[in-house]
Asks: 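What follows is a single structure, and I will ask about it in a moment.
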Amino acid sequence: MIGLPSSTEAFLTEPRVATLTTLRPDGSPHLVAVRLTWDGAAALIRVLTVASSRKARNVAVRPGGRAALCQAEGFRWITLEGAATVSSDPRRVVEAARRYSRRYGSPPPDPPGRVVLEIAVDRTMKLNT
């Protein structure tokens, strides 16, 4: 647990889009907009995607490699960083979809090959959250 203030926890439950940064095999950054869920008790970010996406392939090549996610609104922002993994385990994907539905008010897309990226957050930076 990383112990974020309640105002920051609340910011991470608002239905916002964030940017996710993973590293390509050549070490260059890949930055993409995503929807996410935050599990404060487990200090875990979940992002649903498909296994063939660049972000999922980047993580699959380096299981446990670093990833960062930044959610911002004006001068309020938070960056969450940690070890990333990708999973096709149905229980993990269903849990990510359940949390997504709660945060965004509608179920996520359910394309073939859906997986969940999980980031075990161990570092944060923030302003005005």
Asks: Evaluate side chain to side chain contact (heavy atoms under 4.5 Å, CB included) for Thr124 paired with Leu4, printing each intermediate quantity in order.
Replies: CA-CA 9 Å; Thr124 65; Leu4 296 174; 4.1 Å; yes
Asks: Let me check something: do Val86 and Val32 share a hydrophobic cluster, defined by ILVMFWY side-chain heavy atoms less than 4.5 Å apart, either directly or through other members?
Replies: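 They do share one cluster, since a chain of ILVMFWY contacts under 4.5 Å joins Val86 to Val32.
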Asks: Quick check against the 3.5 Å criterion: does Ser101 have a side-chain atom that pairs as donor or acceptor with the backbone of Ala97?
Replies: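 Indeed, once roles are kept as given, a pair shorter than 3.5 Å links the two residues.
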Asks: Is any side-chain heavy atom of Arg114 less than 4.5 Å from a side-chain heavy atom of Pro108?
Replies: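 With C-beta onward as the side chain, the pair touches.
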Asks: To the nearest 0.5 angstrom, please state how far the CG atom of Leu117 sits from the CZ atom of Arg46.
Replies: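 Going from the CG atom of Leu117 to the CZ atom of Arg46 covers 12.0 Å.
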Asks: Can you tell me how far the CG atom of Leu20 sits from the NZ atom of Lys55, to the nearest 0.5 Å?
Replies: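 The NZ atom of Lys55 is 7.0 Å from CG of Leu20, to the nearest 0.5 Å.
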Asks: Tell me if a side-chain donor or acceptor on Arg123 pairs with a main-chain N or O of Ala68 at a distance below 3.5 Å.
Replies: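 Not at all, since once roles are kept as given, no pair shorter than 3.5 Å links the two residues.
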Asks: Search all heavy atoms of Leu23 against all heavy atoms of Pro29 and return the closest pair with its distance.
Replies: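 So the minimum-distance heavy-atom pair works out to CD2-CA, 3.9 Å.
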Asks: Counting C-beta onward and ignoring hydrogens, is there a side-chain heavy-atom pair between Val34 and Thr19 closer than 4.5 Å?
Replies: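 The answer is no, as the side chains (C-beta and beyond) never meet within the 4.5 Å cut-off.
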Asks: For a quick test of reading the model, state the closest non-hydrogen atom pair linking Val50 to Ala56 and the distance between them.
Replies: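 Minimum heavy-atom contact is O-CB, 3.4 Å.
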Asks: Any side-chain heavy atom of Asp39 within less than 4.5 Å of one from Arg99?
Replies: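 SC-SC contact between Asp39 and Arg99 confirmed.
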Asks: Between Arg76 and Asn128, is there a donor-acceptor pair closer than 3.5 Å when you use the side chain of the first and the backbone of the second?
Replies: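 A pair under 3.5 Å: no.
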Asks: Quick check for you: to the nearest 0.5 Å, what is the distance between Ile78 atom CD1 and Thr8 atom OG1?
Replies: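 It comes to 5.0 Å.
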Asks: Is there a donor-acceptor contact under 3.5 Å from the side chain of Tyr104 to the main chain of Arg16?
Replies: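 At least one qualifying donor-acceptor pair exists.
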Asks: Could you report the tightest heavy-atom contact between Pro109 and Tyr100, atom names first, then the distance?
Replies: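 Closest approach of Pro109 to Tyr100: CD-OH, 4.2 Å.
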Asks: Is any side-chain heavy atom of Lys126 less than 4.5 Å from a side-chain heavy atom of Thr79?
Replies: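 No. Closest side-chain heavy atoms not under 4.5 Å.
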Asks: Starting at OG1 of Thr22, measure out to NE2 of His30 and round the result to the nearest 0.5 Å.
Replies: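 Those atoms lie 5.0 Å apart.
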Asks: Does any non-hydrogen side-chain atom of Pro15 lie less than 4.5 Å from one of Arg35?
Replies: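 No; the side chains remain at least 4.5 Å from each other.
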Asks: Any sub-3.5 Å donor-acceptor pair from Arg103's side-chain atoms to Leu36's backbone N or O?
Replies: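 It does hold such a pair.
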Asks: Is a side-chain donor-acceptor pair under 3.5 Å present for Arg54 with Asn58?
Replies: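 A pair is found: one side chain offers a donor N or O, the other an acceptor, under 3.5 Å apart.
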Asks: Atom CD of Glu14 and atom CG of Leu12: how far apart are they, to the nearest 0.5 Å?
Replies: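 Rounded to the nearest 0.5 Å, the CD-CG separation comes to 8.5 Å.
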Asks: Just by distance, no angles: are the side chains of Gln71 and Trp38 close enough, under 3.5 Å, to form a donor-acceptor pair?
Replies: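 Judged by distance alone, the side chains do not pair up.
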Asks: Rounded to the nearest 0.5 Å, what's the gap from OG1 on Thr37 to CD1 on Ile45? Could you check?
Replies: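 The CD1 atom of Ile45 is 8.5 Å from OG1 of Thr37, to the nearest 0.5 Å.
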Asks: Considering only heavy atoms from C-beta outward, does the side chain of Leu48 approach that of Val93 to under 4.5 Å?
Replies: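 A side-chain contact exists here, since the closest heavy-atom pair is under 4.5 Å.
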Asks: Passes side chain to side chain contact (heavy atoms under 4.5 Å, CB included), Arg62 versus Thr85? Steps please.
Replies: CA-CA 8 Å; Arg62 285 190 187 112; Thr85 57; over 6 Å; no
Asks: Side chains of Val116 and Val47, heavy atoms from C-beta outward: is any pair under 4.5 Å?
Replies: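 Of all side-chain heavy-atom pairs linking Val47 with Val116, none is under 4.5 Å.
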Asks: Salt bridge between Asp89 and Arg91, side-chain N to carboxylate O under 4.0 Å?
Replies: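 Yes, this pair counts.
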Asks: Answer yes when Arg92 and Glu95 have at least one side-chain N-carboxylate O distance shorter than 4.0 Å, and no when they do not.
Replies: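 A salt bridge is absent here (no side-chain N lies under 4.0 Å from a carboxylate O).
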Asks: Could you pull out the closest heavy-atom pair between Ala51 and Val115, with the gap in Å?
Replies: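 Closest heavy-atom pair between Ala51 and Val115: N-CG2, 3.7 Å.
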Asks: Report yes if the side chains of Trp77 and Thr129 come closer than 4.5 Å at any heavy-atom pair, otherwise no.
Replies: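 They are not in side-chain contact.
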